[in-house]
Amino acid sequence: MPDYDHLQDGGQHVYRSGGANYSESSIGFITPQARNKKRTSNWIKFGIPALLLVLIAGGVVGAIIATHKKKSSSSAASSGTGSGSGSGNLDTNGIFATATNSEFMMPVYPSTTNTALFTTPTFASNAASAWPSDSFAPASPNVLSVRSDRPRLIAPAYKWAALPSLIPNDPYLSCKSWNHSIFMNASQYYDLPPVLYHMDGDSGILDNAREVKMRIKAFAYVYRMTNDTMWVDRAWAEIKNAAGNGSTSFGPDEDKWNSAHFLDTAEFSAAFGIAYDWLYDIWSAEQKSQIITTLIQYGLGPGIQAYTNTSVFTGWWRTNTTGNWNCVCNGGLTMASLAILNDDTSGTASQLLGLTVDNAKANCAQAVSDDGTWAETANYWYFGTTGHAEMASSLMTATGSHYGLLDTNVNFPKTGDFHMYITGPTSLFNYGDHGPNKFSTTANSMIFYAEQYQRPDYALFQRDQRDAAEPWSMFWYDPSIQGAFWNGKALDNFFDNGLDQWASMRSSWTDSDALYVAMKAGKNQGHQTHNDLDVGDFVLDALGTRWAGELGSADYLSPDYFSNDTQTSNRWTYYRKMTEGQNTILIGQTNQNVAAAPTVKHDSSGTSQGSSTVLDVPSDSTAFWTTDMSSAYFSASSVKRGVRLLNGRKQVLIQDEITATAPVMWRMHTNATITVGSSGTSASLALDGQTMQVSMLNPPSGAAFSSLDAKRFDSDPVPPEPDQDNPGVQVLTIALPQIQGEFTLQVLFNPQWNDGTNFVTPPSVALDSWTLRSHDSS
């Protein structure tokens, strides 16, 4: 390996931006970096408080299914634009306040009926507010022909030159928002020791790789904004350390970047590529040589082996892998190869560029279904789209083309809608596995896709999210964008691809207290072994709280956790993955059939939100979704489930029609305190100072609510490793042990709104006869 020189620590933490000098002590918000890196967590509360870096760097580690009631961040300066329940304020920069105690720190929108305040999403034609044109525009782009100036990855020199004039005039790019947060995060990282090597079992050193990448991006950004070489020195310390030339050991000499888990290798490659390219003008010839040597030895060389040596298992992700692995692996190799192209005398970079682009088009780009859904899970969308966007953007800035990566799948532009509709008022419909810590992974692909697909609503949605403040957003964001994402946005959307099949329905895009329900069907196989056995699963938000939610990932290091998705897989013996651990019907106390192929039907009144953040929902506004999920069960000839919104989207009805030959149990996981009524046919849920009334309509004889701990039955098959506990989680159940044959179960959810809502009791209508008007009051 190259002999990296000794580095002295940098100096005082003073930086310059926008013509002003700042120090750490003069900035009020410094984001903490400390984070448990293990991919598992004991479940504590569905609304674990989060801070900015948790979203940028930490991601979702365990099970989060409901949130504390939202409130606006105390750090936001209000302008008094709204008041009342669920209201938020614009701060003096025009940026929305943030809920500080929900999993995803959702924006809190101002409560206003001023229809002129928020306009239709668009890109303005005002050239003064937009990026200048790039002079690099080859007539015949070639992946092996790169621009002559640096940087060439994502942030070319002309954009760096334009930033100083754009930052003071844009509230998002500004020294009080994204730019500020990047500087403060860099200051936080500066004082930490270089990332320590930690082999996390079969999951490798992915956390290490992504944390190094996150730091390199921040250090390089701040250097280029200040010309202060202390940031270059600090970046070099990370480079030295990850190459094995730091003060502590960093993995085995023969394979420091753990090519056996190639995600690690790819993310380290991306980090080194960014460092080489963004700091190219300041590196010495010796430093450049050392970076290239390390990249080829531990990153690009193993990449060639993954592509050309069929006996090497590390390249499994190249073939028929429509998911995050292909995007991240190809993306990292491509970025690093573009960075060192023409300086690499070995030919490794050029050889890889002849392989990665076509492979990503055939695999990564196909990970989005024809309805926009990401084939793995809602959380793995973050990893996959980040890799895809980084790769496409780097190819475009370095060579002048994305070579079809953005348009070979004509449905890829829809994936921004997938992300928006799967995001509820409190958090995601986060079914299946949540993934490892996110670190440098964000949803900022939305900002990139906004411009590439001319979907300004994508960037308008993402720019107020708390993971937006990182270097990519500074260069992907079009400052000419105007309007509000919700203006003209339909409240409902249905995703019908047979692999996933899910519905998203809500009462508002901008009210933190809005009602939101999402339900899924889809297949139990074909999700890169990240799914649960969960046909019929649902989540429910109302009153700023998640009432029904997801357990999320189990322990990624558990034996056989990712073994396979066959019926007898040990994966399905873990509580959080088995049918028992989902919000659906359990029959015969057995898992669902992995070969399930449900069908769905749905309709919506088509209600859209206008420019106002206060939506007066019409009384006849409704939506419903039904699924025949009979194929998911072994001891039933017919199982159908439906969900619909009632009473101007104030109530939710979930209806099941079942013909079974084994005992049936209705299950819903919640953080709420459950109080069952004396009759057994109603229950009161209390959470975060709010109340939800749940009742059965026309219940079958003997049906009664009860509550259970969120753990497996004693008679269940024993998993290879004990389950994690789920403290604070209860299961609201309806057990029907004596009822077999044909019956209907109707469960009505009435959030206790503080607006004097008059609740309705809907008529009993068979699922096959549901229509938009089938449940209107007589």
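Here the structure is a predicted model, which is why all the values come from computation and not from measurement.
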**Residue pair Asp513 / Pro425, side-chain heavy-atom distance below 4.5 Å** = no
**Message:** Looking at every non-hydrogen atom in both residues, tell me the closest pair between Ser473 and Ala468 and how far apart they are.
**Reply:** OG-O, 2.6 Å
**Request:** Applying side-chain contact (heavy atoms from CB on, under 4.5 Å), run through Gln501 and Phe494 and close with a yes or a no.
**Result:** CA-CA 8 Å; Gln501 297 171 322; Phe494 304 103; over 6 Å; no
**Message:** Salt bridge or not between Lys520 and Asp534? Use side-chain N to carboxylate O under 4.0 Å.
**Reply:** yes
**Prompt:** Would Tyr449 and Phe412 count as a ring pair (Phe, Tyr, Trp, His ring centres under 6.0 Å) if you check the C-alpha gap in whole Å, the side-chain angles of each, and the deciding distance to 0.1 Å?
**Reply:** CA-CA 9 Å; Tyr449 297 150; Phe412 207 102; 5.6 Å; yes
**Request:** Take the angle between the ring planes of Trp472 and Trp278 and call it parallel below 30°, perpendicular above 60°, tilted in between.
**Result:** perpendicular
**Message:** side chain to side chain donor-acceptor pair (under 3.5 Å), that's the test. Do Thr510 and Thr613 meet it? Break it down for me.
**Reply:** CA-CA 6 Å; Thr510 51; Thr613 60; 4.8 Å; no
**Asked** Quick check: does any side chain N or O of Ser401 sit under 3.5 Å from a backbone N or O of Tyr403, one acting as donor and the other as acceptor?
**Response** yes
**Prompt:** Is any side-chain N of the basic residue among Asp433 and Lys577 closer than 4.0 Å to the acidic one's carboxylate O?
**Reply:** yes
**Item:** Test item: Arg546 side-chain N/O and Thr426 main-chain N/O as donor-acceptor pair under 3.5 Å
**Value:** no
**Request:** May I ask you to decide if His669's main-chain N or O and Asn583's side chain share a donor-acceptor pair within less than 3.5 Å?
**Result:** yes
**Message:** Evaluate Asn379 against Thr377 for side chain to side chain donor-acceptor pair (under 3.5 Å), listing each step before the verdict.
**Reply:** CA-CA 5 Å; Asn379 267 288; Thr377 69; 5.6 Å; no
**Prompt:** Is the NZ or CZ atom of Lys213 both under 6.0 Å from the centre of the six-membered ring of Phe268 and within 45° of that ring's axis?
**Reply:** no
**Message:** Taking Gly435's backbone N and O only, do any of them form a donor-acceptor pair with Tyr556's side chain (distance below 3.5 Å, no angle check)?
**Reply:** yes
**Prompt:** Is the Trp509 ring parallel, tilted or perpendicular to the Tyr421 ring (thresholds 30°, 60°)?
**Reply:** perpendicular
**Prompt:** Quick one: are the ring centres of Phe96 and Tyr109 less than 6.0 Å apart?
**Reply:** yes
**Pairwise side-chain contact, His402 with Val357, heavy-atom cut-off 4.5 Å (strictly under)** = no
**Prompt:** Within the distance-only criterion (no hydrogens, no angle test), does the side chain of Trp131 pair as donor or acceptor with the backbone N or O of Tyr477 below 3.5 angstrom?
**Reply:** yes
**Request:** Take Ile447 and Tyr458 through the test side-chain contact (heavy atoms from CB on, under 4.5 Å) and record every step on the way to the result.
**Result:** CA-CA 6 Å; Ile447 298 176; Tyr458 291 172; over 6 Å; no
**Request:** Over all heavy atoms of both residues, which pair between Ala271 and Ile216 is shortest? Give the atoms and the distance, please.
**Result:** O-CG2, 3.7 Å
**Prompt:** More than 12 foreign heavy atoms under 6.0 Å from NZ of Lys361: is that the case here?
**Reply:** yes
**Salt-bridge present (Asp417, Arg455; N to O < 4.0 Å)** = yes
**Request:** For Asp407, check salt bridge (charged side-chain N to carboxylate O under 4.0 Å, His left out) against everything at least two apart and list the hits.
**Result:** none
**Request:** Indicate yes or no: at least one non-hydrogen side-chain atom of Lys489 is less than 4.5 angstrom from one of Asp457.
**Result:** yes
**Prompt:** Sub-3.5 Å donor-acceptor pair from the side chain of Gln465 to the main-chain atoms of Phe461, do we have one?
**Reply:** yes
**Request:** Determine yes or no for a side-chain-to-main-chain donor-acceptor pair under 3.5 angstrom, with His527 supplying the side chain and Ala375 the backbone.
**Result:** yes
**Message:** Do Tyr431 and Asn531 make a side-chain contact, defined as non-hydrogen atoms from C-beta onward lying under 4.5 Å apart?
**Reply:** no
**Request:** Give the ring-plane orientation class for Phe475 versus Tyr221, where under 30° counts as parallel, over 60° as perpendicular and anything between as tilted.
**Result:** perpendicular
**Prompt:** Would you say the side chains of Thr334 and Thr356 form a donor-acceptor pair under 3.5 Å?
**Reply:** yes
**Prompt:** If you round to the nearest 0.5 Å, how far is CD of Gln462 from CE of Met420?
**Reply:** 10.5 Å
**Interatomic spacing from OG1 in Thr607 to CG in Leu615 - rounded to 0.5 Å** = 7.5 Å
**Message:** For Ser440 and Glu470: C-alpha separation, side-chain torsions, deciding distance, then whether side chain to side chain donor-acceptor pair (under 3.5 Å) applies.
**Reply:** CA-CA 8 Å; Ser440 62; Glu470 57 98 28; over 6 Å; no
**Item:** ring-ring contact (aromatic ring centres under 6.0 Å, His included), paired with His419, selected from Trp374, Tyr380, Tyr382
**Value:** Tyr382
**Item:** Inter- and intrachain pairs under salt bridge (charged side-chain N to carboxylate O under 4.0 Å, His left out), touching residues 370-382, at least two apart
**Value:** none
**Asked** Distance only, no hydrogens: is a donor on one side chain within 3.5 Å (strictly under) of an acceptor on the other, for Asp688 and Thr545?
**Response** yes
**Asked** To the nearest 0.5 Å, how far apart are OG1 in Thr397 and CG in Leu153?
**Response** 6.0 Å
**Message:** Is it the case that the side chains of Asn208 and Asp264 hold a donor-acceptor pair, with the cut-off being a distance below 3.5 Å and no angle test?
**Reply:** no
**Request:** Kindly indicate, with the supporting measurements, whether the criterion side-chain contact (heavy atoms from CB on, under 4.5 Å) is fulfilled by Phe562 and Gln528.
**Result:** CA-CA 9 Å; Phe562 294 115; Gln528 308 292 321; over 6 Å; no
**Message:** Is there a side-chain contact (heavy atoms from CB on, under 4.5 Å) between Gln609 and Ser508? Walk through the geometry before answering.
**Reply:** CA-CA 7 Å; Gln609 187 158 341; Ser508 172; 3.6 Å; yes
**Prompt:** Taking side chain as C-beta onward, heavy atoms only, is Arg215 less than 4.5 Å from Val195?
**Reply:** yes
**Donor-acceptor under 3.5 Å (Thr321 side chain, Gly323 main chain)** = no
**Message:** Nearest 0.5 angstrom please: Ser611 OG to Asn487 CG, how far?
**Reply:** 5.0 Å
**Request:** Give the C-alpha distance, both sets of side-chain angles, the deciding distance and a yes or no for ring pair (Phe, Tyr, Trp, His ring centres under 6.0 Å) between Trp486 and Phe118.
**Result:** CA-CA 9 Å; Trp486 60 83; Phe118 300 109; 4.9 Å; yes
**Asked** When you look at Arg506 and Asp492, which way does the salt bridge (Lys or Arg N to Asp or Glu O under 4.0 Å) test go after all the steps?
**Response** CA-CA 6 Å; Arg506 70 185 70 217; Asp492 311 315; over 6 Å; no
**Item:** Spacing of Ser177 atom OG and Ile95 atom CD1 [to the nearest 0.5 Å]
**Value:** 3.5 Å
**Request:** Measure the CE-CG distance between Met446 and Asp467 for me, rounded to the nearest 0.5 Å.
**Result:** 10.5 Å
**Message:** Taking the ring of His388 and the ring of Phe448, is the distance between their centroids below 6.0 Å?
**Reply:** no
**Asked** Distance-only, no hydrogens or angles: does the Gln188 side chain make a donor-acceptor pair with backbone N or O of Phe183 under 3.5 Å?
**Response** no
**Non-hydrogen atoms of Ala484 and Pro121 that approach each other most closely** = O-CG, 3.0 Å
**Check: Trp317 ring centre within less than 6.0 Å of Phe262 ring centre** = yes
**Request:** Give a yes or no on whether the backbone of Ala623 and the side-chain of Ser604 come within a donor-acceptor separation of less than 3.5 Å.
**Result:** no
**Geometric class of the Phe418/Trp381 ring pair [parallel <30°, tilted 30-60°, perpendicular >60°]** = tilted
